[in-house]
Enquirer: 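Attaching a single structure in structure tokens format; questions to follow.
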Amino acid sequence: MTSWRNHLDIEFRRFSEVGSTNDIARQWAESSDASCGVVWSEKQTAGRGRRGNSWVCPRGEGIAATYWLRPTFPRTSWPQISLVAALALCEVLESEWSLHASIKWPNDVWIRGKKLAGVLVEVAGDDVIVGIGMNVNNQDFPDLIRDSATSILLELGQTIDRKFLLEALVSHLHQYLLQMDGNWSDLLQRVRGRCPLSGRHVRLTSQGVMREVEVMGIGDRGELWVLSDGQPEALWQADEVRPLL
Ligand code: BTN
């Protein structure tokens with residue numbers, strides 16, 4: 001393991017192989033007096049996605065990393081952290097590489113309708129564990145996801161420095177989360193501006209039930225408002241939200 005601190009004094013720990021960076025981050029958080037840290041691994045043998053999916057990140061190509069923090073803002077705002085993480089990634093891609101990305105509620109980053117990254121937020125006591133999987137220098141994907149996934153390399157036609165990207169993302173996310181208390185309405189406006197689902201009909205799977213609804217937009221606390229059989233309904237979590245053509 002190698003470790004270093006960035007210009008904000010956040011400690012990064014980089015591993016060659018772990019089970020899941022979220023688990024390593026959780027153990028670190030539980031035994032630490034620090035308020036945050038970052039775990040990055042070249043390979044995960046048990047990388048987790050949402051809905052019990054696994055997350056595969058080929059060595060040297062993607063980024064599998066976890067930023068953990070002990071928030072000073074209220075727990076009622078913790079569900080918004082995954083949207084803020086997705087927003088921070090979109091903004092870094094735009095400012096550093098002029099790539100326009102959007103946020104597919106609740107936790108994906110898309111480019112041109114394809115998945116570039118996913119966020120998995122877990123809570124451990126007073127700590128929040130923000131796992132991020134990003135397709136960065138991936139040249140290709142397995143058959144199952146080839147049509148639905150993309151990478152920065154495929155979008156940009158050039159490889160990029162993964163350490164630079166991760167440090168930029170963590171800095172941006174960290175500063176946003178420090179300002180969560182007073183700044184949420186500004187962040188929400190930015191999130192809403194990157195929501196490609198608004199006004200679209202989607203197929204929604206929630207608690208094992210599939211239905212088609214129309215997306216109205218993202219509500220004041222990060223929830224998704226939909227019209228289901230003509231009735232407005234707020235969703236706080238959904239297994240899957242897939243736009244219909
Ligand atoms: C998803 O889109 O389903 C979320 C994927 C999150 C994957 C990342 S990779 C780093 C961190 N460690 C894990 O085990 N999962 C997250």
Side-chain angles (χ1 to χ4, degrees), residues 1-2 12-29 37-68 81-83 85-86 88-90 92-93 97 99 101-124 128-170 173 205 237-243:
M1 191 266 285
T2 54
F12 285 64
R13 294 184 181 176
R14 185 173 183 177
F15 296 80
S16 171
E17 183 175 315
V18 299
S20 158
T21 55
N22 273 23
D23 293 340
I24 303 296
R26 177 188 296 242
Q27 288 157 14
W28 178 5
V38 179
V39 175
W40 175 15
S41 183
E42 274 303 335
K43 186 172 179 213
Q44 297 186 109
T45 52
R48 289 194 292 279
R50 289 176 67 238
R51 307 188 301 270
N53 291 333
S54 58
W55 181 269
V56 178
C57 176
R59 189 181 283 279
E61 295 186 358
I63 294 179
T66 301
Y67 166 73
W68 68 266
I81 293 175
S82 64
L83 285 174
L89 176 57
C90 290
V92 165
L93 293 171
W97 294 283
L99 270 178
S102 51
I103 301 171
K104 196 203 123 199
W105 187 92
N107 74 328
D108 284 354
V109 171
W110 273 9
I111 294 187
R112 296 184 305 108
K114 294 184 171 195
K115 181 163 175 166
L116 183 91
V119 180
L120 177 68
V121 174
E122 298 172 332
V123 171
V128 180
I129 313 294
V130 187
I132 306 179
M134 288 173 265
N135 301 323
V136 185
N137 293 327
N138 309 55
Q139 307 249 24
D140 198 9
F141 293 95
D143 289 347
L144 199 62
I145 58 168
R146 184 167 293 125
D147 292 339
S148 60
T150 190
S151 71
I152 300 178
L153 169 62
L154 292 175
E155 296 300 324
L156 215 56
Q158 69 181 68
T159 55
I160 66 156
D161 182 338
R162 291 177 304 142
K163 181 168 183 270
F164 176 82
L165 166 62
L166 181 60
E167 290 196 350
L169 168 62
V170 167
L173 176 58
T205 311
Q237 54 190 21
D239 292 338
E240 182 149 344
V241 180
R242 204 153 279 287

Enquirer: With rounding to the nearest 0.5 Å, note down the distance linking CD in Gln158 to CH2 in Trp97.
Expert: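 Output value for this atom pair is 9.0 Å.
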Enquirer: Give a yes or no on whether the backbone of Phe164 and the side-chain of Asp161 come within a donor-acceptor separation of less than 3.5 Å.
Expert: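 Judged by distance alone, yes, a pair lies under 3.5 Å.
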Enquirer: May I ask you to check whether Gln44 and Thr21 show a side-chain donor-acceptor distance below 3.5 Å?
Expert: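 Side chains of Gln44 and Thr21: pair found under 3.5 Å.
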Enquirer: Should we say atom CD of Gln237 is surrounded by more than 12 heavy atoms from elsewhere, each under 6.0 Å from it?
Expert: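 12 or below, so no.
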Enquirer: Applying ring pair (Phe, Tyr, Trp, His ring centres under 6.0 Å), can you list everything that pairs with Trp68, at least two apart in sequence or on another chain?
Expert: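 Once residues adjacent in sequence are excluded, the partners of Trp68 under the ring pair (Phe, Tyr, Trp, His ring centres under 6.0 Å) criterion are Trp28.
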Enquirer: Going by side chain to side chain donor-acceptor pair (under 3.5 Å), name the residues that satisfy it together with Asp143, two or more places apart in sequence or in a different chain.
Expert: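 Arg146.
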Enquirer: Determine whether a donor-acceptor pair (N or O, by modelled atom type, separation under 3.5 Å) exists between the side chain of Arg50 and the backbone of Leu120.
Expert: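 Pair absent, no side-chain N/O of Arg50 close to backbone of Leu120.
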Enquirer: With sequence neighbours excluded, tell me which residues meet ring pair (Phe, Tyr, Trp, His ring centres under 6.0 Å) with Phe15.
Expert: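 In terms of ring pair (Phe, Tyr, Trp, His ring centres under 6.0 Å), with neighbours along the sequence ignored, Phe15 is linked to no residue.
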Enquirer: Can you confirm whether Val92 sits close enough to Leu165 that some side-chain heavy atom of one is under 4.5 Å from a side-chain heavy atom of the other?
Expert: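 When only atoms from C-beta onward are counted, Leu165 and Val92 do touch, with a gap below 4.5 Å.
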Enquirer: With sequence neighbours excluded, tell me which residues meet side chain to side chain donor-acceptor pair (under 3.5 Å) with Arg112.
Expert: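 Side chain to side chain donor-acceptor pair (under 3.5 Å) check on Arg112 returns Glu155.
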Enquirer: Measure from the side-chain N and O atoms of Lys104 to the backbone N and O of Val241, and report whether any donor-acceptor pair falls under 3.5 Å.
Expert: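 Present.
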Enquirer: Could you pull out all residues at least two apart from Ser16 that satisfy side chain to side chain donor-acceptor pair (under 3.5 Å)?
Expert: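 Scan of Ser16 (side chain to side chain donor-acceptor pair (under 3.5 Å), adjacent residues dropped) gives Arg59.
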Enquirer: Work out which heavy atom in Thr66 is nearest to a heavy atom in Gly131; give both atom names and the distance.
Expert: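 So the minimum-distance heavy-atom pair works out to OG1-CA, 3.7 Å.
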Enquirer: For a quick test of reading the model, state the closest non-hydrogen atom pair linking Val121 to Val128 and the distance between them.
Expert: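 Heavy-atom minimum between the residues: CG1-CG1, 3.6 Å.
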Enquirer: Could you check whether any side-chain N or O of Asn135 sits under 3.5 Å from a backbone N or O of Thr150, counting only pairs where one atom can act as donor and the other as acceptor?
Expert: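 Yes: the side chain of Asn135 pairs with the backbone of Thr150.
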Enquirer: So which atom in Ala46 and which in Ser20 form the shortest heavy-atom distance, rounded to 0.1 Å?
Expert: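 Closest approach of Ala46 to Ser20: O-CB, 3.5 Å.
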Enquirer: Measure the CG-CD1 distance between Leu169 and Ile132 for me, rounded to the nearest 0.5 Å.
Expert: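 Reported to 0.5 Å precision, the distance equals 4.5 Å.
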Enquirer: Restricting to non-hydrogen atoms, name the atom on Ala86 and the atom on Val119 that form the minimum distance, rounded to 0.1 Å.
Expert: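 Nearest heavy atoms, Ala86 then Val119: N-CG2, 4.4 Å.
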Enquirer: Just to verify, what does Arg48 make a side chain to side chain donor-acceptor pair (under 3.5 Å) with, not counting sequence neighbours?
Expert: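 Scan of Arg48 (side chain to side chain donor-acceptor pair (under 3.5 Å), adjacent residues dropped) gives Asp23, Glu122.
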Enquirer: I'd like to know whether CD of Gln139 has more than 12 heavy-atom contacts from other residues, nucleotides or ligands below 6.0 angstrom.
Expert: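 No, the 6.0 Å shell around CD holds no more than 12 heavy atoms from other groups.
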Enquirer: At their closest point, which heavy atom of Leu83 faces which heavy atom of Pro106, and how far apart are they?
Expert: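 Nearest heavy atoms, Leu83 then Pro106: CD2-O, 3.7 Å.
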Enquirer: Going through the checks in order, is the side chain to side chain contact (heavy atoms under 4.5 Å, CB included) test met by Ile160 and Leu153?
Expert: CA-CA 7 Å; Ile160 66 156; Leu153 169 62; over 6 Å; no
Enquirer: Let me confirm one number: the CD1-CG distance from Ile111 to Leu116, rounded to the nearest 0.5 Å.
Expert: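 That separation rounds to 4.5 Å.
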Enquirer: About how many Å separate NZ of Lys114 and OG of Ser151, when rounded to the nearest 0.5 Å?
Expert: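 Ser151 OG to Lys114 NZ: 10.0 Å, rounded to 0.5 Å.
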Enquirer: So which heavy atom on Met134 is nearest to which on Trp55, and how close?
Expert: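 The answer is N-CZ2, 4.1 Å.
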